[in-house]
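Working notes, structure below.
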Amino acid sequence: MILEGKVWIFGDNIDTDAIIAARYLSTTDPEELAAHLMEDIRPDFPKLVGRGDILVAGSNFGCGSSREHAPLAIKGAGIACVVARSFARIFYRNAINIGLPILECEEDLTGLASGEDHLRIDLERGAITHLQSGREYRASPFPPFMREIISRGGLVGYVQARLNKQ
Amino acid sequence: MSNGNGSTMVEKILASGAGVKKAVPGDLVNVQVDLALGNDITAPVAIKEFQRFGLDRVFDPEKIVLVPDHFTPNKDIAAAEQAMVLRRFAEKYGIRHYYEVGRMGIEHALLPEQGLVRPGTVIIGADSHTCTYGALGAFATGVGSTDLAAAMAIGEAWFKVPVTIRFEYDGTLPDWVSGKDLILATIGRIGVDGARYRAMEFAGPVIEKLSMDGRLTMCNMAIEAGGKCGYVQPDQITFAYLEGRVTEPYTAVYSDDDAVYEEVISFDVSMMEPQIAFPPSPDNVRSVSEAAGIKLDQVVIGSCTNGRIEDLRVAAKILKGQKVHPRVRLLVIPATQQIYSQALEEGLLSVFVEAEAAVSTPTCGPCLGGHMGILAGGEKALATTNRNFIGRMGHPESEVYLSSPAVAAASAVAGTIVHPEEVI
Ligand code: SF4
């Protein structure tokens with residue numbers, strides 16, 4: 001799967017409260033949640049972000065609570081992929097399980113120009129290309145079954161497909 | 001210890017669960033789960049997702065465990081409705097390991113006690129403290145509700161194979177220093193994300209002598225260091241504990257001598273004092289002497305961390321013939337019905353009642369600020385639980401300190417945080 005989009009840059013230790021504040025947890029609707037994505041740390045973000053954009057962050061992205069609302073809000077905003085140096089463990093699981101592609105890339109991409117630079121991401125090869133300069137970064141590639149989860153829209157779709165086959 | 005081509009216990013368990021020869025850190029594997037657990041908060045969400053599959057069966061009714069423990073005995077109508085979702089689901093799908101009030105206990109104390117946890121197995125639970133079962137040589141970790149739904153349907157879960165940090169404890173444990181103090185000291189040293197994504201292997205002479213209850217306490221709090229799991233390799237203490245509990249066969253798995261560890265962190269425990277985690281974070285750890293004089297309103301002895309029989313015995317030893325300080329409310333919550341009944345037989349419960357403690361039926365209750373002992377604004381509690389985040393036990397302006405059962409019992413008598421020696 002190849003994704004291509006504009007980047008939005010965030011720093012280290014972006015916690016689940018920053019991604020979606022607890023006061024909005026009374027809904028699980030991705031679009032309603034997306035209207036408040038990153039609201040407390042970048043109030044204009046819900047208006048700026050567009051379908052297919054790529055979120056780039058530093059280390060420990062998604063730390064804090066285990067709420068599945070955090071990746072849901074990101075997915076609901078149309079973000080195609082999150083690239084970070086590292087993710088908090090349960091955020092990582094939850095993102096994959098709801099069908100949000102995320103990649104860990106050791107190299108620091110947070111120096112890119114937010115809202116301007118574009119990346120192309122090849123999930124199979126774990127290759128990230130900076131479109132303006134052609135520079136390539138390496139990330140851990142997705143194994144086939146994880147790609148299948150993502151392409152089925154999440155774990156529930158993946159399991160459903162497995163069950164249908166049986 | 002050399003760093004070579006060998007594998008850790010967790011790498012081996014995940015490889016065998018995934019049906020591959022070798023699994024190395026960073027690999028993503030899809031593994032068969034031997035047990036999938038949910039409680040009255042997380043299972044209703046998973047059950048809702050599960051219903052989307054339209055299945056008339058679960059993957060294996062013997063391998064699913066449902067425990068209504070958080071808000072039970074039902075604290076209000078919403079809790080009653082949630083507990084009912086579990087009960088109905090258990091009836092409909094023939095889930096044998098469903099534990100009703102009066103027979104239940106806090107999940108992470110209950111599963112080992114009931115013989116459901118076997119060395120070498122893979123256990124997932126939609127509860128972060130599922131890591132407790134590593135004390136018996138299992139790979140056990142907390143997951144989300146969607147994971148539980150999928151596991152109930154197909155009996156599989158996916159994992160990224162973690163790197164392992166080995167923690168070695170040398171020296172002799174001083175009196176009144178326990179597994180709880182070891183794990184608090186460890187979290188204090190490495191921080192709440194010090195073991196993020198990582199497996200934590202607990203080893204060394206001190207662990208080799210540590211009781212099973214102490215090991216369960218340590219593995220329980222691996223998550224407070226961000227760990228994916230914590231574990232102790234099986235040994236005679238493990239096998240003695242399993243004797244008479246586990247009926248199904250199992251194969252114990254061990255780390256190779258040349259296993260690769262990311263890091264080895266050593267502790268000399270001989271001079272260790274009892275440890276206290278100050279609010280509002282489990283890594284805000286200091287020695288008990290630095291907490292001396294902090295006035296308490298409530299003391300809680302219980303939870304999946306420290307509500308086992310050994311914990312109650314130590315508390316009773318200190319409370320025998322004493323009275324709880326007039327300003328303090330002491331709550332004692334045996335973690336399971338079996339522990340409750342054993343404490344009754346051993347006369348521990350009468351020690352608590354005579355000391356003027358309130359003894360409760362098993363429940364998570366105050367541990368997560370659910371019910372049965374919520375704090376008012378400005379109140380301070382000392383608890384044997386595992387988290388002391390802001391508002392964890394009630395009002396956002398209340399404070400929770402974490403300690404061992406010995407320190408908790410002694411401090412309930414003194415009315416302030418003290419070393420057990422000062423009371424006995
Ligand atoms: S006792 Fe506390 S930490 Fe343990 S399962 Fe219950 S709420 Fe969670």
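Numbered from 1 within each chain, the chains take letters A, B, ... in sequence-line order. Below, all heavy atoms of this structure are taken into account, side chains as well, without hydrogens, waters or symmetry copies.
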Handout entry: Top contributor to chain B contacts, counting heavy-atom pairs under 4.5 Å, from A:S86, A:S140, A:G154
Key = A:S86
Fill in the blank from the handout: Applying a strict 4.5 Å limit to non-hydrogen atoms, the region of A:R162 in contact with chain B is side chain
Handout entry: Minimum side-chain heavy-atom gap B:D147-A:L155 below 4.5 Å
Key = yes
Handout entry: Residues, nucleotides or ligands: over 12 heavy atoms within 6.0 Å of B:K22 NZ
Key = yes
Handout entry: Which portion of B:D193 sits near chain A, non-hydrogen atoms under 4.5 angstrom
Key = side chain
Problem - Max heavy-atom pair count under 4.5 Å with chain A, selected residue of B:F50, B:F389, B:W158 - result: B:W158
Fill in the blank from the handout: Output for pair (A:I96 CD1, B:L28 CG), nearest 0.5 Å, gives 8.0 Å
Practice task
Quick one: closest heavy-atom pair of A:N94 and B:G144, and the distance?
Solution key: OD1-CA, 4.0 Å
Exercise for the section: Step through the shown structure and confirm whether more than 12 heavy atoms of other residues, nucleotides or ligands are within 6.0 Å of CD on A:E31. Expected result: no
Practice task
Measure distances from A:N164 to the heavy atoms of chain B and classify the residue's part below 4.5 Å as side chain, backbone, both or neither.
Solution key: neither
Handout entry: From B:I223 atom CD1 to A:I90 atom CD1, the distance as rounded to the nearest 0.5 Å
Key = 5.0 Å
Exercise for the section: May I ask you to name which of B:G26, B:S128, B:G142, B:A149 has the most heavy-atom pairs under 4.5 Å with chain A? Expected result: B:G142
Problem - Residues, nucleotides or ligands: over 12 heavy atoms within 6.0 Å of A:Q132 CD - result: yes
Completion exercise
Under 4.5 Å to a heavy atom of chain A? For B:V45 that would be neither
Exercise for the section: Return yes if some donor-acceptor pair links the side-chain N/O of B:R52 with the main-chain N/O of A:G157 below 3.5 Å, else return no. Expected result: no
Handout entry: Proximal component of A:Y158, with respect to chain B [non-hydrogen, under 4.5 Å]
Key = side chain
Exercise for the section: Could you tell me whether the side chain of A:R93 and the main chain of B:F159 form a donor-acceptor pair under 3.5 Å? Expected result: no
Problem - A:R89 side chain near B:T141 side chain, heavy-atom distance below 4.5 Å - result: yes
Exercise for the section: Please test B:I154 against A:L163 for side-chain contact (heavy atoms from CB on, under 4.5 Å), starting from the C-alpha separation and ending with a verdict. Expected result: CA-CA 8 Å; B:I154 59 170; A:L163 290 167; 3.8 Å; yes
